[in-house]
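The block underneath contains the structure these notes are about, expressed in structure tokens.
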Amino acid sequence: MTDKNLQQKRSQLPIERSFPIERVNEIAAKEGRAKMHYRPIYTMHKWWARRLGCVFRSICLYTLLDDPKKVEVLEPGESNTSLSDFGEGLDVATLLENVDLEDPESLWELYPKDVRVSDKKILDPFMGGGTSLVEASRFGVESVGYDLNPVAWFVTKKQLEAGQTDVEDLEAAFEQVEADVADEITRYYRTPCPNAQTHDDETLDDDDPLGLAVDGDLDFDYEVPTDLRDELSAHDHYADVMYNFWVKELDCVDCGRDVPLFKDYRVAKGRYENDDQYNVLCPACESVVLVDDWQSESTCSECRHEWTPKEGTVSGSQYACPDCGAQYGITDAIDEQDGFNLRLYAVEYYCPTCDDRELERSAVKGYKTAEAFDQALSDTAEQEWEKREELRAYVPSEEVPEGAITAASSISGNDVFQHGYTEWQEFFNSRQLLNLSKTLQSIDGVGSKNTEEYLLLMLSETLNYNTMMTSYNPGKNLIANIFNTNSFDPPQRPVESNLWGTKYGTGSITSMWRMVKSGVEYASAPAEQYFEQGKKVKTEPFTQPIGENATVHQGDMRTIDAEDEYDAVITDPPYYDNIIYSEVADYFYVWQKILLEDEYDSFQYNQTPRAESIVTNPFYDKTEKDFESELHEAFSVVHRALKDDGVLTFTYHHSDSESWGELLAALCDVGFEVTATYPISADMQKFIGGDAVSFDIIIVARPAEARDPISWRQLRQRIYKTARRTRQRLEESRDLARGDVGVVEMGRCFHEYSKHHGKVQRNGEVMTAKEVVDEIYGIIQDASQVGVVDVFVDLLETDDPDPSEVNKLCRSANTTPDELEDARLYGLDSGEFWLGTWDNERRQAYIKTRVENDEELSALDKVQFLRYRYEHGQTVSDYVERWDGIDDVRELAERLADATGDDVYRRVLGDRDVTSY
């Protein structure tokens with residue numbers, strides 16, 4: 001088809017004209033924190049960097065609807081009620097026509113409706129967790145997905161099959177597994193309740209002193225070592241273990257003492273009646289006791305030992321002997337001592353008996369010292385594991401492959417091999433291996449192949465928490481996910497969860513079962529939740545189930561041979577420093593393959609595909625240049641697969657000008673032109689350390705029309721006019737943040753460039769896409785009068801700001817994120833975002849240094865410096881008199897008072913007599 005014919009045939013899609021950023025972000029802010037309640041289908045199993053469902057439903061709505069004749073609208077809950085004459089005299093054609101830059105919301109009226117689109121076929125060549133396919137299938141279109149990773153393929157496959165799965169069959173299969181193994185598992189997660197009455201040990205059964213018999217039957221013989229047996233007592237009731245707390249121990253290299261690797265001696269923050277205290281471990285008597293302040297000197301209530309719980313035996317990568325003071329490298333000691341020992345030191349428990357007796361809440365659920373019974377249970381589980389050789393077939397036998405995440409590299413500083421791990425089994429203790437293998441053995445062959453796979457999905461999801469590679473967050477009283485940093489980070493204090501689960505706790509089989517069941521139920525009758533005038537509204541269930549007419553393939557998308565076949569490609573492609581899915585997904589893969597290797601060819605290997613992944617990977621010497629080349633190849637495949645009037649709509653996560661230049665070049669080189677970009681709320685974490693990505697964008701591209709040569713002077717004028725006109729239209733008509741306006745501006749400017757890619761002349765040379773992107777950023781920023789202070793005040797007024805918001809705001813301001821970070825106006829501390837407010841230590845240290853060195857101070861420096869001194873009763877008058885002209889400081893103090901609600905800013909430079917301070 002000629003470019004002229006293409007232009008005549010192709011109509012502009014709603015998503016090219018505008019997008020309801022405000023509406024989508026309003027839902028995304030809630031859905032990102034409560035996926036289980038909005039779209040439980042995505043909580044059935046983990047996949048990294050999974051997009052929010054509301055984002056992709058909105059993308060589908062504004063991308064797929066173009067021909068009113070092919071659109072049917074039904075009222076949710078009423079399968080026979082067609083809304084062909086929707087609303088007050090409005091039809092679909094009118095809704096489509098009314099979408100424009102100033103007001104995209106006419107089509108938004110269909111967001112909560114059961115919309116069907118006929119004669120459409122979409123492709124997601126990088127389906128990952130399957131969000132695009134799930135949401136597209138709800139519109140009744142034919143959807144096809146590809147992913148190289150077998151775990152992603154399996155997870156998405158089960159999401160799409162959920163709408164056709166019988167929940168009753170699934171429940172029957174789970175009940176069979178529960179009957180098989182629940183009692184055998186939970187018997188290993190009991191502990192003497194601190195409130196129980198004890199009896200003489202003569203009441204203990206000599207053959208079963210731990211009470212492990214199930215229904216009166218003890219299925220194996222075990223022995224309790226004499227030293228532990230002598231400490232056992234009978235109790236009138238036992239509590240359920242939520243978590244067992246372990247600590248790694250190494251020998252002192254000088255005196256030989258066992259040294260527990262405690263960075264500090266915190267166990268957990270107090271709760272309920274004790275919420276003003278902290279549970280800590282006494283290093284002298286090893287009791288868990290409550291103290292007022294874990295960072296100050298404390299006294300043990302059991303043995304009167306005095307110590308500061310904040311001061312442990314570990315500092316950085318070294319540990320110190322508390323007896324002789326000798327220090328040594330942890331990984332060096334692990335290597336020289338052939339590993340480490342583990343000691344059980346504490347238990348978090350929940351007691352159903354005390355709950356029934358209505359004891360105070362801190363007695364029902366709390367923390368206690370690990371005792372002989374707890375250690376004996378662990379030892380006995382190890383004995384049973386050694387005896388049950390038939391269970392070896394139900395745990396992974398593979399070694400951990402070396403890679404950029406598992407070994408130290410420029411991407412990850414966590415080397416599991418240096419910490420003594422070489423096989424996947426070593427990520428678990430014997431009790432975990434015993435109970436996981438029992439459960440997997442029970443799942444093997446239960447019910448149909450489909451129900452077996454859902455229960456496998458359930459068990460695989462529990463691996464996020466049931467491993468000795470997880471730790472506990474004492475300040476939040478909860479266990480961390482193994483992929484909290486999207487890497488493998490061997491903890492010095494691993495936490496062992498109750499695998500089957502009790503009333504409280506995270507990551508158990510029972511809680512994962514509820515999530516899988518909810519996902520399947522949702523898939524057969526999905527509903528939407530949205531907001532009207534700030535109030536959440538939930539629709540009736542839709543009659544269109546998830547997954548109909550959907551197909552997924554495992555393999556390299558570059559092998560797709562489709563040509564002129566798809567109406568739309570909707571996807572979330574890889575980006576530069578993407579999570580290396582192949583390595584983290586191996587953790588699930590080696591367990592899933594136990595039941596799947598005879599069913600699917602892709603599960604016959606020891607690891608997931610590596611070299612074919614489109615991502616930078618230092619272990620395979622895959623550089624950014626390799627990534628750019630492979631992404632270019634991928635876009636070529638997409639361009640060939642699309643119909644001439646098709647559209648590519650995708651989300652992307654990198655934001656610096658160089659990476660956007662490469663992306664723009666890759667798209668334009670293969671025959672696309674960018675027609676629009678929009679900012680969206682991110683639900684992402686960068687690969688290591690939990691840093692948020694810069695900001696996230698929807699990019700819309702169409703097959704390019706004829707490209708004409710143009711001078712940079714002419715194009716710059718057009719880009720400048722386009723940016724200014726776009727900003728003016730948006731600011732006059734929509735309530736968008738400055739950063740959001742800047743992103744939309746950027747898309748319109750990219751479109752202007754796309755029309756002339758490869759033919760923009762400056763000083764006799766063709767400009768590269770990177771050069772043009774740099775210029776576009778400069779044009780947008782230069783046109784803005786917004787500076788550092790404006791961005792900082794915007795951040796103060798933003799709910800839950802993060803680095804993505806910083807980057808978006810700076811894109812439309814005459815400043816950069818680096819400038820704000822250099823001035824300590826924001827930053828990240830262990831993945832936690834902070835703002836440089838007047839009381840922030842980093843910010844104050846920065847200002848004080850500048851004051852002491854007599855360096856130039858900004859108005860913001862001055863007002864925060866004065867606010868700090870005022871708070872601490874220090875004089876401010878000397879500085880006010882020293883600084884010439886403080887009108888700008890006074891004005892800024894007013895702005896900060898309005899932004900923060902802190903009226904002290906006004907008093908610092910108000911009419912009061914400042915000389916009194």
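Numbers here simply count residues along the sequence, with the first being 1. It should be emphasised that the depicted structure is a prediction, and the values quoted were computed from it without experimental measurement.
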Within 6.0 Å of [atom1] in [X], more than 12 heavy atoms from elsewhere:
X      : atom1 : result
Asp735 : CG    : no
Lys30  : NZ    : no
Glu891 : CD    : no
Glu102 : CD    : yes

Look only at the side chain of [X] and the backbone of [Y], and say whether a donor-acceptor pair between them is shorter than 3.5 Å.
X      : Y      : result
Tyr678 : Ile15  : yes
His756 : Ile710 : no
Gln728 : Arg725 : no
Gln864 : Asp861 : no
Arg748 : Ala723 : no
Lys70  : Asp67  : no
Thr815 : Val788 : no
Arg824 : Asp822 : yes
Arg850 : Glu856 : yes
Ser18  : Pro14  : no

Test log, rule salt bridge (Lys or Arg N to Asp or Glu O under 4.0 Å), inputs Arg842 and Asp829: CA-CA 11 Å; Arg842 299 174 184 82; Asp829 184 6; 2.9 Å; yes
Can a salt bridge be assigned to the pair [X] and [Y] using a cut-off of 4.0 Å between side-chain N and carboxylate O?
X      : Y      : answer
Lys755 : Glu673 : no
Arg895 : Asp898 : no
Arg138 : Glu135 : yes
Arg17  : Asp100 : no
Asp644 : Arg702 : no
Arg33  : Asp800 : yes
Arg906 : Glu894 : yes

If the test is side chain to side chain contact (heavy atoms under 4.5 Å, CB included), which one of Thr677, Ile21, Ile59, Thr63 qualifies with Ile698?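 Single pass found, and it is Ile59.
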Is any side-chain heavy atom of [X] closer than 4.5 Å to a side-chain heavy atom of [Y]?
X      : Y      : answer
Pro803 : Leu828 : yes
Ile776 : Ile719 : yes
Val773 : Phe750 : yes
Pro817 : Tyr826 : yes
Gln529 : Cys54  : no
Glu797 : Thr900 : no
Val674 : Val700 : no
Asp708 : Lys759 : no

Can you see which heavy atom on [X] is nearest to which on [Y], and at what distance?
X      : Y      : value
Glu775 : Arg762 : OE2-NH1, 2.9 Å
Ala893 : Tyr905 : O-CB, 3.4 Å
Leu101 : Thr726 : CD2-CG2, 4.2 Å
Tyr652 : Pro573 : CD1-CG, 3.9 Å
Thr131 : Gly53  : CG2-CA, 3.8 Å
Asp888 : Ala859 : OD2-CB, 3.7 Å

Before giving the answer on side chain to side chain donor-acceptor pair (under 3.5 Å), spell out for Asp91 and Thr94 the whole-Å C-alpha distance, their side-chain angles and the decisive distance to 0.1 Å. CA-CA 5 Å; Asp91 58 17; Thr94 304; 2.7 Å; yes
Report yes or no: is the cationic atom of Arg57 (NZ for Lys, CZ for Arg) under 6.0 Å from the centre of the six-membered ring of Tyr111, at an angle within 45° of the ring normal?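 Yes, cation above the ring, under 6.0 Å and within 45°.
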Quick one: does NZ or CZ of Arg843 land under 6.0 Å from the six-membered ring centre of Trp838, within 45 degrees of the ring axis?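 That pair does not qualify as a cation-pi contact.
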To the nearest 0.5 Å, what is the distance between [atom1] on [X] and [atom2] on [Y]?
X      : Y      : atom1 : atom2 : result
Lys535 : Tyr530 : NZ    : OH    : 13.5 Å
Thr837 : Leu825 : OG1   : CG    : 10.0 Å
Ile680 : Leu52  : CD1   : CG    : 8.0 Å
Cys749 : Tyr777 : SG    : OH    : 11.0 Å
Phe627 : Thr616 : CZ    : OG1   : 7.5 Å
Ser11  : Asp645 : OG    : CG    : 7.5 Å

Verdict with supporting geometry, Val889 and Leu892, side chain to side chain contact (heavy atoms under 4.5 Å, CB included): CA-CA 5 Å; Val889 178; Leu892 179 55; 5.8 Å; no
Take Lys120 and Asp66 through the test salt bridge (Lys or Arg N to Asp or Glu O under 4.0 Å) and record every step on the way to the result. CA-CA 11 Å; Lys120 290 283 187 181; Asp66 58 350; 3.1 Å; yes
Go through Ile847 and Tyr868 one step at a time and tell me if the side chain to side chain contact (heavy atoms under 4.5 Å, CB included) criterion holds. CA-CA 11 Å; Ile847 298 173; Tyr868 181 88; over 6 Å; no
Side chain to side chain contact (heavy atoms under 4.5 Å, CB included) for Tyr566 and Ile122? Distances and angles first, verdict last. CA-CA 5 Å; Tyr566 294 95; Ile122 73 111; 5.6 Å; no
Yes or no on salt bridge (Lys or Arg N to Asp or Glu O under 4.0 Å) for Lys770 and Glu662, after CA distance, side-chain angles and deciding distance? CA-CA 6 Å; Lys770 286 183 179 180; Glu662 289 293 351; 2.4 Å; yes
Check step by step if salt bridge (Lys or Arg N to Asp or Glu O under 4.0 Å) holds for Arg39 and Glu31. CA-CA 8 Å; Arg39 282 173 166 79; Glu31 185 175 324; 3.0 Å; yes
Would you say the ring centroid of Phe635 lies under 6.0 angstrom from that of Phe650?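 Yes, they do, as the ring centres are separated by less than 6.0 Å.
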Side chain to side chain contact (heavy atoms under 4.5 Å, CB included) for Val766 and Gln761? Distances and angles first, verdict last. CA-CA 5 Å; Val766 175; Gln761 294 275 340; 3.5 Å; yes
